[in-house]
Student: 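One structure follows; several queries about it will come next.
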Amino acid sequence: MRKLCLALLLAVLLLCAASLACADTPAAVAEKGTGITVIPASQWAETFPEVYASYQANAENAEVVEYTEEYPFIKTIYEDYGFARYYGSARGHYYCVSDLMATGRPHALANCFTCKTADFTVLTLNDGDSAYSIPFDELDGASFEDVGCFTCHANTPGGQITVTHTYLADAVGDDFGSVKAETLSCAQCHVEYYFAPDGKMTTLPYQSLAGMDPDAIYDYYEGIGFSDYTNPRTGVQQLKAQHPEFETYMGAGSVHAGMFTCADCHMAKETGADGKMYLSHKYVSPLESETIQATCAGCHADLAGFVRGVQEPVKTRTNDVGVKLETLTNRLADAVASGKYTDEQLADIRALNRKGQWYWDFVFVENSDGAHNSRLTTKCLDRAEVFIDVALMLLDGLGE
Ligand code: HEC
Ligand code: HEC
Ligand code: HEC
Ligand code: HEC
């Protein structure tokens, strides 16, 4: 009996090792140390030709939309913050570093490289937190490689996933082992973060999965008295949300969080020239891949139509609430400019504006337009609109 059990266990282990991705192999966390170096992606081209070719194919996702033109109201909402001047939409990983070097937004510190290149990650592993406050111009950014193999695999691609952005492990805390490695690999960057005022380290505003909820994150920022910038005309201390894909997908209301990882929907399992399966490292929308859609077809016969149906109302509403937020910003700015009111009289309106903007931004900057979790997205838009409406009513009350 015992022998049989052992044989069974062995068989399971072998199967697991042989399958493309053993779903339950937990992620490792990179060791910190000194003398760690990055093996560049090009050096894996021979060992993993198909994966490497697919990784290079991220260059095909080149289109970029300038949000300040598509959504002119953000010039008002983000006034005096870098994103009001230049805010390109996300495109393929291939462009991470060059897009960063090219933006019209000023970069003071090296922490801007956090989500672009392993050549910076390795400095944080070797030098610790001090790497985040190296002046941006002191590093030779132009020589850096875009999100390389090291970012998700350390120097052992093909082995288990290694989280090299160690702040993620700190932020997920005791829940780390319960999140699939394939999801954690993306959550290294597709998350809400801030630069700690003291030390400028890239930090996530939570310490557990429960803390990832937008209400909890808001409370966290209140608790540490944090704001990213102050709107110059209204005096509102505002928060700038950043692509919270992980928080949205893992949040309450997500239909598929227990079923699929980020990789399941964004990395297709393709068949190579040798007839063996490999995992495409071209990160795509599931609507662009027939292979991915085949895994959905049993429940979503027309995935594209279904997803557009989820996204359209979210997009319209995000735009409408954004326009309302612009109106609030301008009316509050007028009230401030009139000089008739004390800070005390305006405090409630400013607080409502801060909150409304947070909940709206959490949706606006999330890249799925509701597809990851339309319930949470709708809840955030509802909240944002209530805060903005009440602020507008208070302004009415003042006669402004
Ligand atoms: C090291 C940070 C980092 C990691 C890790 C990362 N991404 Fe990204 N991702 C980015 C950045 C930055 C961009 C935007 C690039 C640009 O516009 O220059 C991006 C863009 C994308 C896009 C294109 C978005 C668009 O609108 O066209 C997709 C899709 C994507 N990532 C999916 C993933 C998936 C899936 C994973 C995990 C397997 C992942 N990413 C891991 C940083 C990262
Ligand atoms: C159940 C499938 C599913 C899972 C799991 C999933 N996504 Fe998505 N994701 C989508 C869909 C659908 C879209 C919208 C695509 C479109 O509009 O073409 C999307 C859009 C995106 C985009 C914008 C890409 C683009 O081309 O517009 C990014 C970036 C992204 N997801 C990252 C992630 C990350 C990171 C995770 C894990 C935390 C994740 N996704 C998990 C289905 C999924
Ligand atoms: C953004 C994260 C990310 C990056 C960057 C990345 N990978 Fe992966 N890789 C994954 C994920 C997720 C899996 C699936 C989970 C697993 O196999 O543990 C995977 C699986 C693999 C596998 C096993 C599956 C297969 O097709 O054989 C190989 C080999 C691999 N990656 C090689 C590479 C190479 C080489 C690079 C650089 C050119 C690279 N990866 C860059 C996330 C990444
Ligand atoms: C076992 C059935 C099943 C499979 C397989 C399945 N889905 Fe779903 N999916 C559902 C159900 C049920 C819903 C919820 C529908 C609703 O709320 O009206 C849903 C909702 C969604 C949503 C909207 C989520 C939201 O919050 O509104 C997206 C996007 C989605 N699925 C994408 C996918 C993708 C991509 C795949 C394949 C990788 C897939 N689904 C596979 C059953 C499935």
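As the structure lists them, so they are numbered: ligands from 1, and atoms in each ligand from 1.
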Student: Does a donor on one side chain and an acceptor on the other come within less than 3.5 Å for T261 and T183?
Tutor: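 Note: T261 and T183 side chains miss the donor-acceptor criterion.
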
Student: Nearest protein heavy atom to atom 18 (O) of ligand 1, by residue and atom, and its distance?
Tutor: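 Here the closest protein heavy atom is D99 OD2, 2.7 Å.
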
Student: Anything protein N, O or S sitting under 2.8 Å from atom 8 (Fe) of ligand 4: count it and give me the total.
Tutor: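 Step by step: take atom 8 (Fe) of ligand 4, keep protein N, O, S below 2.8 Å, and you get 2.
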
Student: Could you name all protein N, O or S atoms found under 2.8 Å from atom 8 (Fe) of ligand 1?
Tutor: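 Listed by chain and number, the atoms are H93 NE2, H190 NE2.
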
Student: Can an N or O of H372 be found at a distance shorter than 3.5 Å from an N or O of ligand 4?
Tutor: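 In fact, backbone or side chain, H372 has no N or O that close.
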
Student: Suppose we measure from atom 5 (C) of ligand 1 to each protein heavy atom; which comes out shortest, and what is that distance?
Tutor: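 Ranked first by proximity to atom 5 (C) of ligand 1 is S185 O, 3.4 Å.
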
Student: Under 4.0 angstrom from atom 27 (O) of ligand 4, is there any protein heavy atom?
Tutor: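 Yes, because at least one protein heavy atom sits under 4.0 Å from atom 27 (O) of ligand 4.
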
Student: Among A181, G158, G272, A41, which one puts a heavy atom closest to atom 22 (C) of ligand 3?
Tutor: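 Minimum heavy-atom distance to atom 22 (C) of ligand 3 goes to G158.
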
Student: Check for a donor-acceptor pair, side chain of S130 on one end and backbone N or O of D127 on the other, with a separation under 3.5 Å.
Tutor: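 The answer is yes, because a donor-acceptor pair under 3.5 Å joins these two groups.
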
Student: Going by distance alone, is a donor N or O of one side chain under 3.5 Å from an acceptor N or O of the other, for H243 and E366?
Tutor: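 No, no side-chain donor-acceptor pair sits under 3.5 Å.
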
Student: So does S133 get a backbone contact from the side chain of N111, meaning a donor-acceptor N/O pair under 3.5 Å?
Tutor: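 It does not hold such a pair.
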
Student: Under 4.0 Å, counting heavy atoms only: does C262 come that close to any atom of ligand 3?
Tutor: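 Not so, C262 does not reach ligand 3.
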
Student: Tell me whether the count of non-hydrogen atoms from other residues, nucleotides or ligands lying under 6.0 Å of CG in D274 goes above 12.
Tutor: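 Yes, enclosed.
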
Student: For Y341 and E400, which I'm curious about, is there any donor-acceptor pair between the side chains at under 3.5 Å?
Tutor: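 The answer is yes; a qualifying pair exists.
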
Student: With a 4.0 Å cut-off on heavy atoms, does V51 reach ligand 3?
Tutor: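 V51: in contact with ligand 3 (<4.0 Å).
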
Student: Which residue and non-hydrogen atom of the protein lie closest to atom 25 (C) of ligand 4, and at what distance in Å?
Tutor: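 Residue, atom and distance for the closest contact: S374 OG, 3.3 Å.
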
Student: For ligand 1, is there an atom lying under 4.0 Å from some heavy atom of C115?
Tutor: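 The answer is yes, since C115 has a heavy atom less than 4.0 Å from ligand 1.
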
Student: I'd like to know whether ligand 4 has G298 as a neighbour, heavy-atom separation below 4.0 Å.
Tutor: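 For ligand 4, residue contact (heavy atoms, under 4.0 Å) with G298 is absent.
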
Student: Given NE2 of H153 on one side and NE2 of H281 on the other, what angle do they make at atom 8 (Fe) of ligand 3, to 10°?
Tutor: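 My answer is 170°, to the nearest 10°.
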
